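Take a look at the structure below.
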Amino acid sequence: MQLITPVTRAPGRGMLPSRPAAGTAPIGRFFAADPAAERHFAERLPDRLAEHGVRPDEVAVIAADGNASVPGAIPISRIAGAQYRVVCCVGVTAEDFPDEPAARRRLFTAMTRAADLLYVSHTDKGSPLLDDIDPGLFTGFGQVRSNQPQVEQPRLL
């Protein structure tokens, strides 16, 4: 809900999350070193989740329209109305999801297809839209960049 303004076209009705954020699993955020690493992560995710009892048909890999970095990924334009136990949104980059209302709606649509677990994956810094989401909701992994300056250890000799 932090991604969009919770409005509705029906007067007197608002959009509310079905579960409060504190009661849900954090969003897995995969920082891929390059498109090949992102593809590898998305292709292996169903196998990793199967070890925890998630069937492959309960997992959807969703990509920005026209993003062919992950073979077999479902374009966002084809997922309206679908629901999956686990969703992995790949290619959530500034190029595919700029800070524009249309891109915001597309990402919101993709993210809300997840019933239990959500992963977002990107190369480089990622979409600026991800900056609008509370960083405490993300669990980062992959090539996570540290924002802390590296202090050089002084030489003793």
Side-chain angles (χ1 to χ4, degrees), residues 1-6 8 14-99 102-148:
M1 294 305 295
Q2 295 175 16
L3 194 58
I4 65 164
T5 304
T8 180
M15 292 177 59
L16 298 173
S18 61
R19 293 184 274 180
T24 62
I27 301 167
R29 185 171 179 180
F30 182 69
F31 294 79
D34 54 37
E38 184 174 41
R39 182 175 48 255
H40 180 73
F41 164 71
E43 289 172 347
R44 293 230 336 110
L45 184 62
D47 294 334
R48 289 181 177 162
L49 293 170
E51 296 171 5
H52 300 285
V54 178
R55 295 188 321 264
D57 64 331
E58 296 177 310
V59 180
V61 176
I62 300 173
D65 300 342
N67 186 330
S69 65
V70 179
I74 305 167
I76 291 175
S77 61
R78 298 180 58 205
I79 55 132
Q83 190 75 33
Y84 301 92
R85 186 170 174 196
V86 180
V87 167
C88 178
C89 300
V90 295
V92 185
T93 62
E95 181 181 327
D96 289 322
F97 294 96
D99 193 357
R104 195 173 287 275
R105 285 189 299 271
R106 286 186 305 120
L107 185 56
F108 176 79
T109 298
M111 293 174 85
T112 57
R113 302 301 93 199
D116 291 325
L117 292 173
L118 173 65
Y119 295 92
V120 294
S121 173
H122 57 80
T123 55
D124 299 323
K125 184 180 179 294
S127 169
L129 300 178
L130 297 175
D131 296 338
D132 291 344
I133 299 172
D134 179 359
L137 294 177
F138 288 114
T139 298
F141 56 100
Q143 299 293 321
V144 179
R145 291 189 181 112
S146 173
N147 292 335
Q148 298 176 347

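Note that the coordinates shown come from a computational prediction; the quantities given were computed from them, not determined experimentally.
The shortest heavy-atom contact between Tyr84 and Glu58 is CB-O, 3.7 Å. Taking all atoms of both residues into account, the shortest heavy-atom contact from Pro71 to Glu43 is CD-OE2, 3.8 Å. A pairwise comparison of heavy atoms in Ile74 and Ala60 identifies CD1-CB, 4.2 Å as the closest pair. Taking both residues in full, the closest heavy atoms of Arg106 and Asp65 are given as NH1-N, 4.2 Å, listed atom of the first, atom of the second, then distance. Closest approach of Phe97 and Pro128 over heavy atoms only: O-CD, 3.7 Å. In plain terms, the two heavy atoms of Ala42 and Val90 that are nearest each other are CB-CG1, 3.9 Å.
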Step-by-step side chain to side chain contact (heavy atoms under 4.5 Å, CB included) determination, Cys88 to Phe41: CA-CA 10 Å; Cys88 178; Phe41 164 71; 3.6 Å; yes

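Here the rule is side-chain contact (heavy atoms from CB on, under 4.5 Å) with Arg85, and of Asp57, Asp116, Leu117 only Asp116 fits it. Of the residues Ile62, Leu118, Val87, the one that meets the side-chain contact (heavy atoms from CB on, under 4.5 Å) test with Met111 is Leu118. A side-chain contact (heavy atoms from CB on, under 4.5 Å) with Thr93 is found for one member of Thr123, Asp124, Leu130 and no other, namely Thr123.
Side-chain contact between Arg104 and Asp99: present, with at least one pair of heavy atoms (C-beta onward) separated by less than 4.5 Å.
Rounding to the nearest 0.5 Å gives a distance of 11.0 Å between CG of Leu129 and CG of Asp96. To the nearest 0.5 Å, atoms OG (Ser121) and CG (Leu45) are separated by 9.5 Å.
Shown here are the side chain to side chain donor-acceptor pair (under 3.5 Å) partners of Ser127, two or more places apart in sequence or in another chain: there are none.
Classification of the His122-Phe31 ring pair by plane angle, with boundaries at 30° and 60°, yields perpendicular.
Pairs engaging residues 70-79 under the salt bridge (charged side-chain N to carboxylate O under 4.0 Å, His left out) rule: none recorded [sequence neighbours left out].
Within a 6.0 Å radius of CD in Glu95, other residues, nucleotides and ligands contribute 12 heavy atoms or fewer.
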